[in-house]
Amino acid sequence: MTAKAPITQDVLTLPRKDADGDKINLVGLPRAQMREVLIENGTPEKQAKMRVGQIWQWIYQWGKRDFAEMTNLSKAYRSDLEEKFEIRIPEVVSKQVSTDGTRKYLVRINGGHEVEVVYIPEDDRGTLCISSQVGCTLTCSFCHTGTQKLVRNLTPAEIVGQVMMARDDLDEWPVPGTPTDANRRLSNIVLMGMGEPLYNFENVRDAMKIAMDPEGISLSRRRITLSTSGVVPEIARTAEEIGCLLAISFHATTNETRDVLVPINKRWNVDTLLQALADYPKVSNSERITFEYVMLHGVNDSNEDAHRLVSLIKQYKIPAKINLIPFNEWPGSPYTRSSNNRIRAFADIVHDAGYASPIRKTRGDDIMAACGQLKSATERARKSRKQIEAEAGMTKE
Ligand code: SAH
Ligand code: SF4
C-alpha cells in the first residue's frame, strides 16, 4: 500500500450533525454507514439492508429530499425518519449563465463557505466540473484558486451534493417508473473545480462511489475524470479505489519550470510522477491518461517544450492524450496566454508524434467560469499580488 500523503493544516472535518439541529444528513453516507445510522436510530437490523436500498433509490435515483414522498415506506417509518434524519445538499447562492450556455453556480456549504460548480453543455455530452475543497493548499502560480488559502475539505455530501444540485437545476431527475438513462444532460463529471482532490481522497472516493452506484446517479467510471497536480502516493489508490479516469496537471517539461508552475513538483518531481503514471493500473489505450498543459506565453510553450513533452511520455510508455489549455487570465495573474499560432504549432508537434492534442475550447469565460478562474468572490483570506508574484518567481522583474 502506498504511504499516505501529508494532509495539510487548516483542514477542518465537519461533524455529521447539522449545526442548527441534530438531524443526521443521509446524503454522502456509503451504504454500510447509512445502514449503521438507521439501526442506531431504531430500524430493526433485519430490515436495515432493504431500507437502505429503498431510501437510496429515492435519494439518488429519483432525487427526492422529502421523506413524505417515499411512498413504499410506511407512514409511521417515514415520520420516524423525518424526525431523525435529513437529506441536505449545498444551497445555490447564485447562478450565472454564459452566452455559450455554460452555467456557473456558487453554492454555500456548512459554515457559510462557498464553492463554485460549472456545467458545460456540448453536443454529445454535458460535463459538470465540481470542487473538492474550499480553496487549495497548493499554490500553482497560474491558478486563481491557488491564491485562495484552503479553508477546508468538502464532505462526501457536499461533493455528491453538487451533482444533485445540478440535476435539480437541469430538471433531469427521472420520474419513477421511466427509464433512468434517457437524454441525460449531465453525462460526465470532472473533478477540476476548486481544490486538489487527492488531498481529500476518502471524501472524494465516497462521493464518486455514490455517483457511480448503479441504483442511483449511475454514471460510468469512464465518465468521471479526476484531475490532480501530482500527489504521487495517492495515484495508484485512485485506480484501485475509485477506478475513474485520470488527468494530470503537467504543464512543464523540466523540473526547473514545473517547480515554479506546480510547486508540488518540489516534493514529487517529473520523473517520479511519470513513473507513477506508467504504473497506473488498468491503463489501456482506450483509457488514456490526460496530460493537461496550460499554454503560458514565453514560459512553457516553445517547440523545444513540445518535443521534450512527447519524448518524456514516450520514454515512460504512457498511453496519453495531451489537452492544451489556453491560459485563462484572472485579475492579478502573473502570466499571459500564448498566441493561437503558438498553441497550434505546439499542438502539431504533439500530434505528429502520435498523440491526440486537442486544444481546450475556453468556455464560460464571460462569467469567469473557465479553468483556473474559480474562486469565491466572498473569501477573505486572499494572498497579496506581491505574494503571487513572489511565488511565480517574478519579483525581480
Ligand atoms: N487541483 C487539481 C484540479 C483543479 S484545476 C489540479 O490541479 O489538477 C483544473 C485544471 O485547470 C488543472 O489542470 C489546472 O492546472 C488548470 N488551470 C488552473 N488555472 C488555470 C488557468 N488560469 N488557466 C487555464 N487552466 C488553468
Ligand atoms: Fe490547486 Fe489545482 Fe489550482 Fe494547483 S492548479 S492551485 S492544485 S486547484
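Keep in mind that what you see is a predicted model, and the values were worked out from it rather than measured.
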First locate atom CG of Asn72, then atom CZ of Arg51, and finally report the distance between them rounded to the nearest 0.5 Å. 8.0 Å
Indicate yes or no for a side-chain donor-acceptor contact from Gln47 to the backbone of Pro44 under 3.5 Å, with no hydrogens or angles considered. no
Would you call the rings of Trp330 and His144 parallel, tilted or perpendicular, taking 30° and 60° as the class edges? parallel
Does NZ in Lys321 sit with more than 12 non-hydrogen atoms of other residues, nucleotides or ligands closer than 6.0 Å? no
To the nearest 0.5 Å, tell me how far Met70 CE sits from Trp62 CH2. 13.0 Å
So, Tyr199 side chain and Cys136 main chain: donor-acceptor pair closer than 3.5 Å or not? no
Derivation and outcome, side-chain hydrogen bond (donor to acceptor under 3.5 Å, both in side chains), residues Asp169 and Tyr105: CA-CA 10 Å; Asp169 187 58; Tyr105 309 92; 2.7 Å; yes
Could you tell me whether a side-chain N or O of Ser131 sits under 3.5 Å from a main-chain N or O of Gln133, the two making a donor and an acceptor? no
Decide side-chain contact (heavy atoms from CB on, under 4.5 Å) for Arg65 and Met164; before the verdict, give the C-alpha distance in whole Å, the side-chain angles of both, and the deciding distance to 0.1 Å. CA-CA 10 Å; Arg65 305 286 145 74; Met164 296 161 75; 3.8 Å; yes
Considering all heavy atoms of both residues, which atom of Glu114 and which atom of Leu106 are nearest to each other, and what is their separation? OE1-CD2, 3.6 Å
Side chain to side chain, Ile87 and Trp58, heavy atoms closer than 4.5 Å: no
May I ask whether Val37 and Val52 are part of the same hydrophobic cluster, defined by side-chain heavy atoms of I, L, V, M, F, W, Y residues being less than 4.5 angstrom apart, directly or through others? yes
Assess, by modelled atom type and distance only, whether the side chains of Arg205 and Asn200 contain a donor and an acceptor separated by less than 3.5 Å. no
Between Asn300 (side chain only) and Asp305 (backbone N and O only), is there a donor and an acceptor less than 3.5 Å apart? no
If every non-hydrogen atom of Cys129 is compared with every non-hydrogen atom of Gly193, which pair is closest and at what distance? SG-N, 3.4 Å
Phe201 and Val231, any side-chain heavy atoms less than 4.5 Å apart: no
Same apolar cluster (I L V M F W Y, side chains within < 4.5 Å links), Leu73/Met34: yes
For Tyr77 and Thr43, does a side-chain donor sit closer than 3.5 Å to a side-chain acceptor? yes
Side chains of Ser227 and Glu292: donor-acceptor distance under 3.5 Å anywhere? yes
Donor-acceptor pair, distance only, cut-off 3.5 Å: does the side chain of Arg337 make one with the backbone of Phe327? yes
Between Phe67 and Ile24, is there a shared hydrophobic cluster once you connect ILVMFWY residues whose side-chain heavy atoms come closer than 4.5 Å? yes
Should we say atom CG of Asp124 is surrounded by more than 12 heavy atoms from elsewhere, each under 6.0 Å from it? yes
Is a donor on one side and an acceptor on the other found under 3.5 Å between the side chain of Ser218 and the backbone of Glu215? no
Atom pair CG/OG1 of Asn265 and Thr257 - distance to nearest 0.5 Å: 9.5 Å
What's the verdict on side-chain hydrogen bond (donor to acceptor under 3.5 Å, both in side chains) for Glu196 and Ser132, showing C-alpha distance, side-chain angles and the deciding distance? CA-CA 7 Å; Glu196 168 48 61; Ser132 56; over 6 Å; no
Please determine whether side-chain hydrogen bond (donor to acceptor under 3.5 Å, both in side chains) holds for the pair Tyr335 and Ser141, giving the CA-CA distance in whole Å, both sets of side-chain angles, and the decisive distance to 0.1 Å. CA-CA 9 Å; Tyr335 303 108; Ser141 51; 2.7 Å; yes
Would you sort out whether Thr225 and Thr127 count as a side-chain contact (heavy atoms from CB on, under 4.5 Å), showing the intermediate values? CA-CA 10 Å; Thr225 303; Thr127 303; over 6 Å; no
Cut-off 3.5 Å, side chains only: do Asn110 and Arg152 have a donor facing an acceptor? no
Check this for me: Asn340, atom CG, are more than 12 non-hydrogen atoms of other residues, nucleotides or ligands nearer than 6.0 Å? no
If the threshold is 4.0 Å, N to carboxylate O, is there a salt bridge linking Lys75 and Glu82? no
Assigning hydrophobic clusters by single linkage (Ile, Leu, Val, Met, Phe, Trp, Tyr; side-chain heavy-atom cutoff under 4.5 Å), is Ile318 placed with Ile349? no
Could you state the interatomic distance from CG (Asp259) to NZ (Lys266), rounded to the nearest 0.5 Å? 6.0 Å
For residues Asp100 and Thr102, is any side-chain donor paired with an opposing acceptor at under 3.5 Å? yes
Would you find a donor on one side and an acceptor on the other, under 3.5 Å apart, between the side chain of Glu172 and the backbone of Leu186? yes
To the nearest 0.5 Å, how far apart are CD in Glu36 and CD in Glu45? 10.5 Å
Return the minimal non-hydrogen interatomic distance between Val262 and Ser229, and the atom names on each side. CG1-O, 3.7 Å
Ignoring hydrogens and angles, state whether a donor on the side chain of Gln275 or Asp271 is under 3.5 Å from an acceptor on the partner side chain. no
Any carboxylate oxygen within less than 4.0 angstrom of a Lys/Arg side-chain nitrogen, looking at Arg308 and Glu304? yes
Is there a donor-acceptor pair closer than 3.5 Å between any side-chain N or O of Ser338 and the backbone N or O of Ile343? no
Let me see the working for Phe291 and Ile322 under side-chain contact (heavy atoms from CB on, under 4.5 Å), right down to the final yes or no. CA-CA 5 Å; Phe291 281 65; Ile322 291 82; 4.0 Å; yes
Quick check: closest heavy atoms across Cys244 and Tyr280, and the distance to 0.1 Å? O-OH, 3.3 Å
Is there a donor-acceptor pair closer than 3.5 Å between any side-chain N or O of Arg258 and the backbone N or O of Ala252? no
Leu309 vs Tyr355, side-chain contact (heavy atoms from CB on, under 4.5 Å): CA-CA, chis, key distance, verdict: CA-CA 11 Å; Leu309 177 63; Tyr355 296 94; over 6 Å; no
Is a salt bridge present between Arg221 and Glu287, judged by a nitrogen-to-oxygen distance below 4.0 Å? yes
Inter-residue atom distance Leu198.CG - Thr238.OG1, 0.5 Å rounding: 4.5 Å
Before accepting this row, confirm whether a basic side-chain N of the pair Glu69/Lys64 lies closer than 4.0 Å to the acidic partner's carboxylate O. yes
Between the main-chain N or O of Ala276 and the side-chain N or O of Asp279, is there a donor-acceptor pair closer than 3.5 Å? no
Between Ile242 and Lys209, the two heavy atoms sitting closest are O-NZ, 4.3 Å
Note: Val115 and Met194 closest approach over all heavy atoms is CA-SD, 4.0 Å
